[in-house]
Peer 1: 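I have a structure I would like to understand better, so I am pasting it below and will then ask my questions one at a time.
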Amino acid sequence: MGLMTALSRRNVLKGAIAAAGAAAVAPSLVVPAHAARPAAVPLVRNRLTLPSGISTGDVTTNSGLLWSRASGAGRLVANLLAVDEDGSALRGSRAFSRVLRGTTASGATDFTSKIHARDLPQGTRFALTMHFEDPDGNAGETAQGSFSTAPGSKASSLWSRSAGTKRGQSFVWTGDTAGQGWGINEDIGGMRGYAAMLGTKPDFFIHSGDTIYADGPIAAQVTEPDGQIWRNLVTEQVSKVAETLEEYRGRHRYNLMDRNIRALYAEVPVIAQWDDHETTNNWYPGEILNDSRYTERRVDVLAARGRQAWQEYQPIAGLNERSSDGSSGFEPARIYRKISRGPQLDVFCLDMRTFKDPNTDGKETRLTHILGQEQADWLIREVSKSKATWKVISADLPLGIIVPDGSAAQESLANRDADAPLGKELEIARVLSAFKRNRVKNVVWLTADVHYCAAHHYSPERAAFQDFDPFWEFVGGPINAGSFGPNQMDGTFGPEVVFSRAGAYAGESPRSGESQYFGHVDLGEDDVFTVTLRNANGTVIFRKDLDPQR
C-alpha cells in the first residue's frame, strides 16, 4: 500500500510539471492544416533514452545533485517546479521554477551526467523532470521524480509560508545490495526491500556502503537449501569479478535495472557511501590479492577503477564542485562530507576505506588508522561546531562488532580484546574523547556492513575505556544480499546489545524478506529521534525513541 501511495503521488507530480516543462522537454511541431500528407512514413529519429533512470543526492537545505545516464552523447536538462503536498504548483510570490543544464554526457563518464542545483528555497518540495538533448538540440526521453530540500527557518521557507512550518523529517538507511550472488529476481518482484523503504515516504536515503558487489559473480540460477530455484537477471558484466573500469560500471548499471531501485531513487534523495565491495572484499590500500579469480592483483589499481565507476554512478558532487561543508566530496583523496539538513540534523558521511591501514589482529600498541588523521580531525571539528540538534554519523563499518578477515585479522576496528584501546580503536577513542571534551550532545552512529540488524548502547560504565559520553549505534542491512550474524561484540567501549536479529542461516536468500533489514528514523517537530528497524516487507521489529539533550 505504501508503494502505491508513493507512486500515485508521483503521477500527480507529473501533471504539475507538464505545463512548466513542456517547451524544454518536448518541443511541439505545428503542421498547417493545408499541408499535404507524406506519401511514406518519415524516418523516425532515435531519441536519447534514460536506461538507468534518474536520481538526486546530497540534498541539503538549499542544494542538491541531480543525476542521470543517457543512451548516447547528449546534454542533461532538468526542470524544477516548486509544488505543495498534493502536487499543485505554488503560485504568486511562492512560485518557483527553474531549468538547469548540466554537462555533456560522453563515453568518458559512461554517458552519466550531473547537475549541481544551488540556491534553492529551503523546506520546499520540487517536481522534477530530466532528459538529455542530443548534439542537434533534440529532446529525448523524459523521466519524472521529486525531492524536498531540508526544512529551515519559517521566515525563508516557501514550504512554511504555503503549508505551515514543516520542521520534522524522516529518512531510511541500509547497505549491502546484490551480494552473495542474490541479484534481481523478478519472480519475487525484484529487490523488494527498496519498495518497502519507498513506502515509508522518507525525505532521504543513506546507502551505508556495499552499493554493489563487484567481487561477487551473479549466476542465472541458484538452488537454495530448500530446493527452490532463485532466478537472477544477468548481464555479461556480473558474470565474473570486476577488474576493468567497464566491468565496475556494469555492476552499477546492473543494480539500476531493478525497477524498485529506480523508483526509490527518482523520489528519494540518496546519500551514498562506499565500503569494500565497490572494489573487492575487505580491501585496504596497498594490498596485493591472493585470489586466482583476478588477473589484476594490485588492489590500488582495482580501487581506482572501482572508485571512478562508483563516483560516476552516485549522485554526489562532481569534480571541482563544492558541497555544504566547503569541500567537493569528490576530491582525489576525499569522499567524506557533511550533509546539512537544517536546524534539526547534520549527517556526517564517513569514508572508512580510503585511509585504512592493513587488516591485522588490531592489537598494535600504537595508533593505526581507519579514518586517517585528516578525516578524524575533520570529524571532531565539524561535529563539535555543529548547531544542529542531532548529529548522525553514518559509518560504513561498525564500532563494536567483531568483523573477522580470515582466521586472525580484523576487518573493522574491534579486535576481540575487551581491554584498553589498541590499534584502530585508538583513533575512535580519540574522536569519542574529543566529543566529550567539547560537550557535544545527541550523537547517533548508523551503519550496515554485517548483514543483520541491531541496536547497541555504548556507555563508559561498562567499558575498559571510559573517557566518552554514552551514545547509540544502530545497524541495518542487508537490503538484497545474503544474511549473516549476529557477530560477537568487543567490550572496549562498553556496548550493550539491546536488540539484534539475523536470518535463519548464513547466506540465506532475500526471498522471504524476513532476513533483509533497513532502518527508519522519524525526527518529529519536537526533535524526538525515533528509530525503527524493519524487515524488507516493511514490518517494524524494533523501536527506540531518543529524547534530545538540551
Side-chain angles (χ1 to χ4, degrees), residues 2 168-177 179 191-211 260-261 264-265 268-273 275 339 341 344-350 352 390-401 442-458 471-481 483-487 495-503 510 513-524 528-546:
Q169 55 188 302
S170 68
F171 66 93
V172 290
W173 90 93
T174 191
D176 318 306
T177 301
M191 299 187 186
R192 296 176 302 165
Y194 281 86
M197 290 192 292
L198 177 58
T200 70
K201 300 182 182 180
D203 290 296
F204 63 96
F205 162 50
I206 302 175
H207 199 307
S208 300
D210 295 338
T211 54
N260 303 296
I261 291 181
L264 177 75
Y265 281 22
V268 180
V270 181
I271 298 176
Q273 290 178 274
D275 191 27
I339 310 300
R341 294 289 306 176
Q344 284 188 309
L345 177 65
D346 279 336
V347 178
F348 300 88
C349 187
L350 300 186
M352 303 173 81
W390 291 96
K391 297 88 177 171
V392 164
I393 300 177
S394 184
D396 47 289
L397 288 169
L399 298 184
I401 299 176
N442 306 319
V443 175
V444 177
W445 293 69
L446 303 180
T447 191
D449 183 67
V450 289
H451 295 236
Y452 69 95
C453 68
H456 303 144
H457 184 255
Y458 292 79
F471 64 93
W472 284 86
E473 174 189 58
F474 298 97
V475 186
I479 196 61
N480 197 91
S483 62
F484 294 95
N487 294 19
E496 176 189 2
V497 180
V498 177
F499 174 84
S500 72
R501 183 167 296 180
E514 297 293 324
S515 64
Q516 309 291 294
Y517 308 103
F518 67 94
H520 179 276
V521 172
D522 181 42
L523 188 50
V528 174
F529 193 95
T530 299
V531 182
T532 54
L533 299 175
R534 310 182 185 207
N535 65 29
N537 300 320
T539 304
V540 175
I541 56 178
F542 174 81
R543 173 176 172 146
K544 180 65 181 179
D545 295 323
L546 303 180

Peer 1: Indicate yes or no: at least one non-hydrogen side-chain atom of Leu399 is less than 4.5 angstrom from one of Trp445.
Peer 2: yes

Peer 1: Taking all non-hydrogen atoms of both residues into account, name the closest pair between Ser483 and Gly503 and its distance.
Peer 2: OG-CA, 3.6 Å

Peer 1: Centroid-to-centroid, Phe518 to His520, below 6.0 Å?
Peer 2: no

Peer 1: Run the side chain to side chain contact (heavy atoms under 4.5 Å, CB included) test on Val347 and Phe204 for me, step by step, so that the C-alpha distance in whole Å, both residues' side-chain angles and the decisive distance to 0.1 Å come before the verdict.
Peer 2: CA-CA 11 Å; Val347 178; Phe204 63 96; 4.1 Å; yes

Peer 1: Which atom pair, heavy atoms only, marks the closest approach of Met352 to Leu397?
Peer 2: SD-N, 3.5 Å

Peer 1: Under 3.5 Å, is there a donor-acceptor pair between the side chain of Tyr194 and the main chain of Ala536?
Peer 2: no

Peer 1: Okay, side chain of Gln344, backbone of Trp390: is any donor-acceptor separation there less than 3.5 Å?
Peer 2: no

Peer 1: Do any N or O atoms from the side chain of Trp173 and from the backbone of Thr447 form a donor-acceptor pair under 3.5 angstrom?
Peer 2: yes

Peer 1: Can you give me the closest heavy-atom contact between Asp396 and Asp449, atom names plus distance?
Peer 2: O-CB, 3.6 Å

Peer 1: Between CZ of Phe205 and OG of Ser170, what distance do you get to the nearest 0.5 Å?
Peer 2: 13.5 Å

Peer 1: Mind checking the SG-CD1 spacing from Cys349 to Ile271? Nearest 0.5 Å is all I need.
Peer 2: 6.5 Å

Peer 1: Does Arg341 offer a backbone N or O that forms a donor-acceptor pair with the side chain of Gln169 under 3.5 Å?
Peer 2: yes

Peer 1: Checking Ser515 against Tyr452: is there a side-chain donor and acceptor pair closer than 3.5 Å?
Peer 2: no

Peer 1: Atom CG in Asp176, atom NE2 in His451: separation rounded to 0.5 Å?
Peer 2: 3.5 Å

Peer 1: Can you name the closest pair of heavy atoms from Leu446 and Phe171 and give their distance?
Peer 2: CD1-CE1, 3.6 Å

Peer 1: Looking at side-chain heavy atoms only, is the closest gap between Val172 and Ile206 below 4.5 Å?
Peer 2: no

Peer 1: Please lay out, stage by stage, how Val531 and Trp472 fare under the test side chain to side chain contact (heavy atoms under 4.5 Å, CB included).
Peer 2: CA-CA 11 Å; Val531 182; Trp472 284 86; over 6 Å; no

Peer 1: Looking at side-chain heavy atoms only, is the closest gap between Phe348 and Lys391 below 4.5 Å?
Peer 2: yes

Peer 1: Between Asp275 and Asp210, is there a donor-acceptor pair closer than 3.5 Å when you use the side chain of the first and the backbone of the second?
Peer 2: no

Peer 1: Can any side-chain N or O of Gln273 pair as donor or acceptor with the backbone N or O of Leu350 at less than 3.5 Å?
Peer 2: yes

Peer 1: Any chance you could measure Phe499, atom CZ, to Leu533, atom CG, to the nearest 0.5 Å?
Peer 2: 6.0 Å

Peer 1: Would you tell me whether Thr530 and Asp545 have side-chain atoms, one donor and one acceptor, within less than 3.5 Å of each other?
Peer 2: yes

Peer 1: For the residue pair Phe474 and Phe542, does the interplanar ring angle fall in the parallel (under 30°), tilted (30 to 60°) or perpendicular (over 60°) class?
Peer 2: tilted

Peer 1: If I take atom CZ from residue Phe471 and atom CD1 from residue Ile393, how far apart are they, to the nearest 0.5 angstrom?
Peer 2: 8.5 Å

Peer 1: Minimum heavy-atom separation for Ala448 to Ser208, with atom names?
Peer 2: CB-CB, 3.9 Å

Peer 1: Would a distance-only check, ignoring hydrogens and angles, find a side-chain to backbone donor-acceptor pair under 3.5 Å from Asn535 to Asn537?
Peer 2: yes

Peer 1: Begin from the C-alpha positions of Tyr458 and Glu473 and carry the test side chain to side chain contact (heavy atoms under 4.5 Å, CB included) through to its verdict.
Peer 2: CA-CA 8 Å; Tyr458 292 79; Glu473 174 189 58; 2.6 Å; yes

Peer 1: Could you check if a side-chain atom of Met191 sits within less than 4.5 angstrom of a side-chain atom of Ile479, using non-hydrogen atoms only?
Peer 2: no

Peer 1: Over all heavy atoms of both residues, which pair between Pro478 and Thr174 is shortest? Give the atoms and the distance, please.
Peer 2: C-OG1, 4.1 Å

Peer 1: If you apply the rule side chain to side chain contact (heavy atoms under 4.5 Å, CB included), what do you find for His456 with Glu496, and how did you get there?
Peer 2: CA-CA 5 Å; His456 303 144; Glu496 176 189 2; over 6 Å; no

Peer 1: Would you compute the distance between atom CZ of Arg192 and atom CG of Leu198 and round it to the nearest 0.5 angstrom?
Peer 2: 15.0 Å

